[in-house]
Each structure stands twice: as C-alpha cells, then as structure tokens.
Amino acid sequence: MNRKVTKAIFPVAGLGTRFLPATKSIPKEIMTLVDRPLIQYAIDEARSAGIKEFIFVTSRGKGALEDYFDHAHELENTLRKDGKTDLLELLRQTNMESGAIAYIRQHKAMGLGHAVWCARRLVADEPFAVLLTDDVIQGEPPCLQQMIEAHAETGGSMVATMEVPMDKTRSYGVLDVAEDMGAIVRVRGMVEKPRENPPSNLAVIGRYILAPTVMENLNKLKQGAGGEIQLTDAIADEIEAGRDVYGLRFRGQRFDCGSKAGFLQATVAFGLAREELRPEFLDYLQDVLAMRKAAE
Ligand code: UTP
C-alpha cells in the first residue's frame, strides 16, 4: 500500500514579470479569474483530493496572499447583520482550518526546485504534492485527485502531462517515455525546455506527486536551465537512481494563467462555465465575433 498524500506545497514566490505592472503590488496568485483568486482554484483542487496540510512558499511582497486566508471578521459581521447568508457561505468556503496552512519564505527567486526545497523540513519523509497556481485545470474529477488515485497504484513520483505541438515543447519540461500504458506512462528521462530534439511531445504541467527522495536530490542545489534550480532536474535524478517516475495524461483542460493569452482564455472558459453569467457573456462574445467578421 503506497503512503497517502496529505501535504501539498504551493510555490508562490516567483516574480510574475509577465504580468507587470500589475504584479508590482499584487501577487500573481491573487489575480482574479471571474471572481476568485487563482490560489483559491488550486486550494479547492487540493482539498478535494484529500490534502490536509497546505505549505506556501512565499516571498517579499506577497502579504496580500497571506491576508486572503485570514477570517474577515468585520466583513462577516456586516454580512450577518444584513442577512446576506449566501455571501457568508461563500466566504466560509474560503476559510482554512487553524494550523492547516504554513508559510515558508524563499529569500531569493532561485527557481521552482529551490522554492520546493525550502519546504523540506515540513515535508520530512512523506510523499507530497506540488501545485503551481498558474496552471488552472478544469477536470472532473479534479486533476490532483486523478493523480492521487493513479499514484496509489504506482507509487514512485508522478507528474501531470499533456500533449503539446512539437514546436511548443521548448516552453515545457518534456518526458522521455520508457513505456506507454495509456493514461499512465513510465518515464526514462525528463528535459527542461529542450532547445532541440525533444524526446516526445508530452509536456509536464504544474501538478506533481513526489517521493521524499526528490528533496534529497534538491539538496545538491544544482543549477539547471536558465541558471535556476529546476524541479525537473531533481525528478530526473530519481530515474538515474533507479526509482520510478510516471506521467499521467490527466482528463481535463489546462489553462496557463501565467501568460496573458492563457489568462484571457481561462476567463472565457470559466465565465462560460458559470450558469449565472453564461447567457449574457455568450451574447457578448457572439456580438464581438460578428462585428469582427463584418469588419473583415
Ligand atoms: P514561473 O516560471 O511562472 O515564474 O514560475 P514567475 O516568476 O512566477 O513568473 P514570470 O515568468 O516572471 O512571469 C512557476 C511557478 O514557480 C514559482 C512561481 O511562483 C510559479 O508558481 N516559483 C518560481 C517560485 O516560487 N520561486 C522561484 O524562484 C521561481
């Protein structure tokens, strides 16, 4: 029986330069998709997958992110007084159990691998999940749950993967596949942002379940692509050491909310997914398209 995954790391210490000037004062993870900050989508996904401990790796200027998880007593009292029970319930859903969240500081943005390594003492000797809040995934069951179910069978380490066009592989970590078993692939290597000869078109996206030995690999603090300490390299070291690494072709759609185009696409998809918004929003989108066509 493989050990249950109950801890998740959320690395949120990046600089978010692609969203400047907004990210000068707003953490990227607080940016709003429809009416919820990106971090809320990741938290909900982790919660529904059975995660009990939430470890945020933060940095300077991320205070708004920490405040977001505090109970908003004044606001709650006002809503209660006004009888706005639906809004109260909405707020209640964002409350976290006392002691469920831990914050660790990454003093310098030295890469995703380094951010994950900063949480090593909290993870200790357990398998753990890593969720990148930039990657917002529509999936049923949610992506991390699919992974936890698959990981219960396979053990080892597991990354979420999806097929991308070959010419886009240079933007991702890419899997070298040893054995393709359908939804699950066994991996024999991983390359971060290959400039040429990508080993496949299976890209790694921001959901991971990792064996505690990945933390030991990160102890080397080896610089990889772009001079950063890469999580991909530490996972690839697992394979070198003869331990199993798998990719899961998850069912669902992933949006890259770390990029402007991806964020806009997610806004459309999540806006249309909301029943109360769909009719008006769809009308608007159809009008925009019709006007563009007419202007051509
Ligand atoms: P990105 O590569 O998207 O970097 O990081 P970024 O700094 O967030 O954004 P841009 O590229 O400057 O716009 C992927 C994830 O890894 C975290 C980020 O917060 C994001 O969730 N990260 C990255 C860290 O926590 N620390 C780092 O040193 C680097």
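Every number for a ligand or one of its atoms is a count from 1 in the order of the listing. Worth saying up front: this structure is predicted, and the values here are computed from it rather than measured.
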* Return yes if some donor-acceptor pair links the side-chain N/O of Gln138 with the main-chain N/O of Arg254 below 3.5 Å, else return no. => no
* To do: Return yes if some donor-acceptor pair links the side-chain N/O of Asp256 with the main-chain N/O of Gly258 below 3.5 Å, else return no.
  => yes
Is the closest N or O pair between [X] and ligand 1 shorter than 3.5 Å?
X: Phe19; value: no
X: Lys108; value: no
X: Leu132; value: no
X: Gly258; value: no
X: Gln106; value: yes
X: Gly111; value: yes

Ligand 1 contact on [X] by region, counting heavy-atom pairs under 4.0 Å:
X: Val57; result: neither
X: His114; result: neither
X: Thr17; result: both

* **Mutual orientation of the aromatic rings belonging to Phe255 and Phe270 [parallel < 30°, tilted 30-60°, perpendicular > 60°]** => perpendicular
To which protein heavy atom is [atom] closest, and what is the distance rounded to 0.1 Å?
atom: atom 17 (C) of ligand 1; value: Pro11 O, 3.7 Å
atom: atom 25 (O) of ligand 1; value: Ala13 N, 2.9 Å
atom: atom 7 (O) of ligand 1; value: Leu15 N, 2.7 Å
atom: atom 14 (C) of ligand 1; value: Asp134 OD2, 4.2 Å
atom: atom 3 (O) of ligand 1; value: Arg18 NH2, 2.9 Å
atom: atom 16 (O) of ligand 1; value: Leu112 CD1, 3.5 Å
atom: atom 9 (O) of ligand 1; value: Lys28 NZ, 3.2 Å
atom: atom 22 (N) of ligand 1; value: Gly14 N, 3.7 Å

Could you check whether [X] pairs with [Y] (Lys NZ or Arg NE/NH1/NH2 to Asp/Glu carboxylate O, under 4.0 Å)?
X: Asp237; Y: Lys220; result: yes
X: Arg92; Y: Glu76; result: no
X: Asp134; Y: Lys28; result: yes
X: Glu196; Y: Arg170; result: no
X: Asp67; Y: Lys62; result: no

Quick check on contacts: which atoms of ligand 1 are under 4.0 angstrom from a heavy atom of [X]?
X: Met110; answer: 28 (O)
X: Ala115; answer: 24 (C), 25 (O), 26 (N)
X: Ala109; answer: 28 (O)

* Validation row: Val123, Ile55 side chains within 4.5 angstrom (heavy atoms) -> yes
* To do: Tell me whether Leu112 is reachable from Trp117 by hopping between hydrophobic residues (I, L, V, M, F, W, Y) whose side-chain heavy atoms are closer than 4.5 Å.
  => yes
* Asked: Is any heavy atom of the protein nearer than 4.0 Å to atom 5 (O) of ligand 1?
  -> no
* Between CG on residue Asn219 and OG1 on residue Thr213, distance to nearest 0.5 Å -> 11.0 Å
* Asked: Without hydrogens or angle criteria, can the side chains of Tyr68 and Asp70 be said to hold a donor-acceptor pair below 3.5 Å?
  -> no
* To do: Kindly check if the number of other-residue, nucleotide or ligand heavy atoms within 6.0 Å of NZ (Lys168) is above 12?
  => no
